[in-house]
S.K.: 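Following this message is one structure expressed as structure tokens.
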Amino acid sequence: MKKRIAGEEKGVPVRLMHKSNLKAFCDQIGVLAPAEIARFESVSDIDLNGLPDRFVLKPAFASTAEGVMLLDRDGSRYYDAMSKKYWSDDEIVQLQQRIFEKYSGVRNRVTLAEQRVDCSEGLAIPPDYKFLGFQGEIGIIIRIDRTKEKLAMSYYDGNFVPIVDERVRFNSDIADRESRLPPADWRRLLNLARRVSVAVPTPCARIDLFADANGPLLGEITLTPGSFYYAAGHTLTGTEDERLGLLWEQAEAQLSV
């Protein structure tokens, strides 16, 4: 991961990390993602009037969940489930403008309006299921629940068995740790993560999925998943880190055949 983050690894398909390229990839491999409703090439193009009453607004160029808004129209305002606040049209555009300017060095700063995920778990904000994949082998799964005051994290092994021991060391100042059972549709999520992992032509990719009531959806692909590398809230034991490193090497050898 160190070489990849430093830009020293060759052949990394970085185009797949840009959320605006996700639809073409999904169409190519035959998987589903939240439907794109509108695409705004510039913040000045954002027009909320023609959008449905419920939608997601997201800067396709930003990292993590920055700028993502899960919006419900309420008269002349919108309620955002992420911030738990009401926003006017102008306030929404102003927020997106600040993020647009923050990423001034990024090309193709597109803002997307997408369908809302109908969460199969009945939550207002669907949990992120993040699968660290190595050409079809899943090394670890992280569930992030954003519905509470603090993030709530659950961890699973590559077969969706909850991790309750110290393989993952956790910083409780950053988030709360939970030990939740896998979701009802865990098999479909796991199968989709494996399929997408194989389709991405690189040894390691993090596959982010949503558990929609109609079936799992691909949220995004991250090729520089640095949370464990930078110890951003959680770390792995040395043994677990070595195990994931071995999966990387095996995937690398598989691609070279």
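The structure displayed is predicted, hence computed values, not measured ones.
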S.K.: Quick check: is Val198 connected to Leu22 through a chain of hydrophobic side chains (ILVMFWY, heavy atoms under 4.5 Å apart)?
M.R.: no
S.K.: Tell me whether Ile142 shares a hydrophobic cluster with Val168, the cluster being built from Ile, Leu, Val, Met, Phe, Trp, Tyr side chains joined at under 4.5 Å.
M.R.: yes
S.K.: Please determine if Arg116 and Asp72 form a salt bridge, counting it only when a charged side-chain N lies under 4.0 Å from a carboxylate O.
M.R.: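 A salt bridge links Arg116 with Asp72.
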S.K.: What is the distance from atom CZ of Phe25 to atom CG of Leu16, rounded to the nearest 0.5 Å?
M.R.: 5.5 Å
S.K.: Does the side chain of Arg4 reach to within under 4.5 Å of the side chain of Trp248, using non-hydrogen atoms?
M.R.: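 Result yes, sub-4.5 Å side-chain heavy-atom pair found.
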S.K.: Please give me the minimum heavy-atom distance between Gln96 and Gly67, naming the atom from each residue.
M.R.: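 Smallest interatomic distance, heavy atoms only, reads NE2-O, 3.0 Å.
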S.K.: Report the residues that fulfil side chain to side chain donor-acceptor pair (under 3.5 Å) with Arg146, sequence neighbours left out, ordered by chain and then residue number.
M.R.: Asp128
S.K.: Hey, any chance Ile207 and Val31 share a hydrophobic cluster, counting ILVMFWY side chains that come within less than 4.5 Å of each other, even indirectly?
M.R.: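 The answer is yes; both residues are in one hydrophobic cluster.
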S.K.: Tell me whether the rings of Phe131 and Tyr129 are parallel (<30°), tilted (30 to 60°) or perpendicular (>60°).
M.R.: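 Correct class here is tilted.
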S.K.: State whether the side chain of Asn191 and the backbone N or O of Arg188 hold a donor-acceptor pair below 3.5 Å, judged by distance alone.
M.R.: no
S.K.: Looking only at atom types and distance, does a side-chain atom of Asp74 sit under 3.5 Å from a main-chain N or O of Arg77, one as donor and one as acceptor?
M.R.: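 Absent.
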S.K.: Taking all atoms of both residues into account, what is the closest heavy-atom pair of Pro201 and Leu255, and its distance?
M.R.: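 For Pro201 and Leu255, the tightest heavy-atom pair comes out as C-CD1, 4.3 Å.
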S.K.: Does Lys23 reach the side chain of Asp27, with side-chain heavy atoms less than 4.5 Å apart?
M.R.: yes
S.K.: Which residues satisfy the salt bridge (Lys or Arg N to Asp or Glu O under 4.0 Å) test with Asp208, sequence neighbours excluded?
M.R.: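 Lys130, Arg206.
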S.K.: Using a strict 4.0 Å threshold on nitrogen-to-oxygen distance, state whether Glu36 and Arg39 make a salt bridge.
M.R.: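 Yes, this pair counts.
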S.K.: Rounded to the nearest 0.5 Å, what's the gap from CG on Leu123 to OG on Ser120? Could you check?
M.R.: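 Reported value, rounded in 0.5 Å steps: 8.5 Å.
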S.K.: Side chains of Gln94 and Arg98: does their closest heavy-atom pair fall under 4.5 Å?
M.R.: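 Result yes, sub-4.5 Å side-chain heavy-atom pair found.
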S.K.: List the atom of Asp165, the atom of Arg177, and the distance in Å for their closest heavy-atom pair.
M.R.: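 Taking Asp165 first and Arg177 second, the nearest heavy atoms are O-NH2, 3.6 Å.
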S.K.: Taking atom CG of Leu70 and atom CD of Glu114, what is their separation to the nearest 0.5 Å?
M.R.: 10.0 Å
S.K.: Just jot down the side chain to side chain contact (heavy atoms under 4.5 Å, CB included) partners of Glu242, sequence neighbours excluded, or say none.
M.R.: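 Residues passing side chain to side chain contact (heavy atoms under 4.5 Å, CB included) with Glu242: none at all.
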S.K.: Working to the nearest 0.5 angstrom, can you tell me the gap between Leu32 CG and Leu209 CG?
M.R.: 11.5 Å
S.K.: Share the residues that join Val164 in a hydrophobic cluster, the rule being Ile, Leu, Val, Met, Phe, Trp or Tyr side chains under 4.5 Å apart at the heavy-atom level.
M.R.: none
S.K.: Got a salt bridge between Arg109 and Glu41, using NZ or NE/NH1/NH2 to carboxylate O under 4.0 Å?
M.R.: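 Glu41 and Arg109: not salt-bridged.
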S.K.: Arg169 vs His234, test: side-chain contact (heavy atoms from CB on, under 4.5 Å). Steps then yes/no.
M.R.: CA-CA 5 Å; Arg169 296 167 178 161; His234 47 212; over 6 Å; no
S.K.: So, Gln97 versus Glu101: side-chain donor-acceptor pair below 3.5 Å or not?
M.R.: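 Looking only at side-chain atoms, Glu101 and Gln97 do form a donor-acceptor pair, the distance falling under 3.5 Å.
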S.K.: By the rule that ILVMFWY residues connect when side-chain heavy atoms come within less than 4.5 angstrom, directly or transitively, which residues belong alongside Val161?
M.R.: none
S.K.: Do you see a donor-acceptor pair shorter than 3.5 Å between the side chains of Thr237 and Thr239?
M.R.: no
S.K.: Would you call Glu8-Lys3 a salt bridge at under 4.0 Å N-O?
M.R.: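 No salt bridge links Glu8 with Lys3.
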S.K.: Is there a donor in the side chain of Ser88 and an acceptor in the side chain of Asp90, or the other way round, less than 3.5 Å apart?
M.R.: no
S.K.: Leu223 and Pro13: which non-hydrogen atoms are nearest, and at how many Å?
M.R.: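 Where Leu223 meets Pro13 most closely, the heavy atoms are CD1-O, 3.2 Å.
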S.K.: Are Ile125 and Val56 connected, step by step, through hydrophobic side chains (Ile, Leu, Val, Met, Phe, Trp, Tyr) whose heavy atoms are closer than 4.5 Å?
M.R.: yes
S.K.: Identify the heavy atoms of Leu244 and Gly139 that sit nearest to each other, and give their distance.
M.R.: CD2-CA, 3.6 Å
S.K.: Charged N to carboxylate O below 4.0 Å: is that the case for Lys85 and Asp80?
M.R.: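 No, no charged N to carboxylate O under 4.0 Å.
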S.K.: So if you build clusters from Ile, Leu, Val, Met, Phe, Trp, Tyr with side-chain heavy-atom gaps below 4.5 Å, do Val196 and Ile141 land together?
M.R.: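 Yes, it is one cluster - the side chains of Val196 and Ile141 are joined through contacts under 4.5 Å.
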S.K.: Dump the intermediate steps for salt bridge (charged side-chain N to carboxylate O under 4.0 Å, His left out) on Glu66 and Lys102, then the final yes or no.
M.R.: CA-CA 11 Å; Glu66 188 173 15; Lys102 175 181 176 180; 2.7 Å; yes
S.K.: Quick one: does Asp53's side chain have a donor or acceptor within less than 3.5 Å of a partner on Arg73's backbone?
M.R.: no
S.K.: Does this structure show an ion pair linking Arg243 with Glu240, if we count only N-O contacts that are shorter than 4.0 Å?
M.R.: yes
S.K.: Test side-chain contact (heavy atoms from CB on, under 4.5 Å) on Cys204 and Leu132; report intermediate values, then the result.
M.R.: CA-CA 7 Å; Cys204 175; Leu132 196 59; 3.9 Å; yes
S.K.: Answer yes or no: is there a side-chain heavy-atom contact under 4.5 Å between Leu218 and Phe210?
M.R.: no
S.K.: Please confirm whether the backbone N or O of Ile138 pairs with a side-chain atom of Arg194, one donor and one acceptor, at under 3.5 Å?
M.R.: no
S.K.: Evaluate the criterion side-chain contact (heavy atoms from CB on, under 4.5 Å) for residue pair Arg143 and Asp145; output intermediate values, then yes/no.
M.R.: CA-CA 7 Å; Arg143 178 188 187 272; Asp145 183 349; 3.6 Å; yes
S.K.: List, by chain and then residue number, the residues other than Tyr78 in its hydrophobic cluster (Ile/Leu/Val/Met/Phe/Trp/Tyr, side-chain heavy atoms under 4.5 Å); write none if there are no others.
M.R.: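 Via sub-4.5 Å side-chain contacts, Tyr78 links to Ile37, Phe40, Val43, Ile46, Leu48, Leu51, Phe55, Leu57, Phe61, Met69, Leu71, Trp87, Ile92, Val93, Leu95, Ile99, Phe100, Tyr103, Val106.
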S.K.: Find out whether Met153 and Arg180 are in side-chain contact, i.e. whether some heavy atom of one side chain is under 4.5 Å from a heavy atom of the other.
M.R.: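 In short, these two side chains do not touch, never coming nearer than 4.5 Å.
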S.K.: Evaluate Leu181 against Trp186 for side-chain contact (heavy atoms from CB on, under 4.5 Å), listing each step before the verdict.
M.R.: CA-CA 10 Å; Leu181 293 174; Trp186 67 268; over 6 Å; no
S.K.: Within the side chain of Gln135, is there an N or O that forms a donor-acceptor pair under 3.5 Å with the backbone of Val200?
M.R.: yes
S.K.: Quick check for you: to the nearest 0.5 Å, what is the distance between Asp241 atom CG and Arg167 atom CZ?
M.R.: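 Answer for the CG-CZ pair, Asp241 versus Arg167, is 14.0 Å.
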S.K.: A side-chain contact here means heavy atoms from C-beta on lying under 4.5 Å apart; do Pro182 and Pro162 qualify?
M.R.: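 In short, these two side chains touch, coming nearer than 4.5 Å.
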S.K.: Going by an N to O cut-off under 4.0 Å, is there a salt bridge joining Lys148 and Glu178?
M.R.: yes
S.K.: Can you tell me how far apart CD (Gln115) and CG (Asp212) are? Round to the nearest 0.5 Å.
M.R.: 6.5 Å
S.K.: If you take all heavy atoms of Arg107 and His18, which pair is closest and at what distance?
M.R.: O-NE2, 3.9 Å
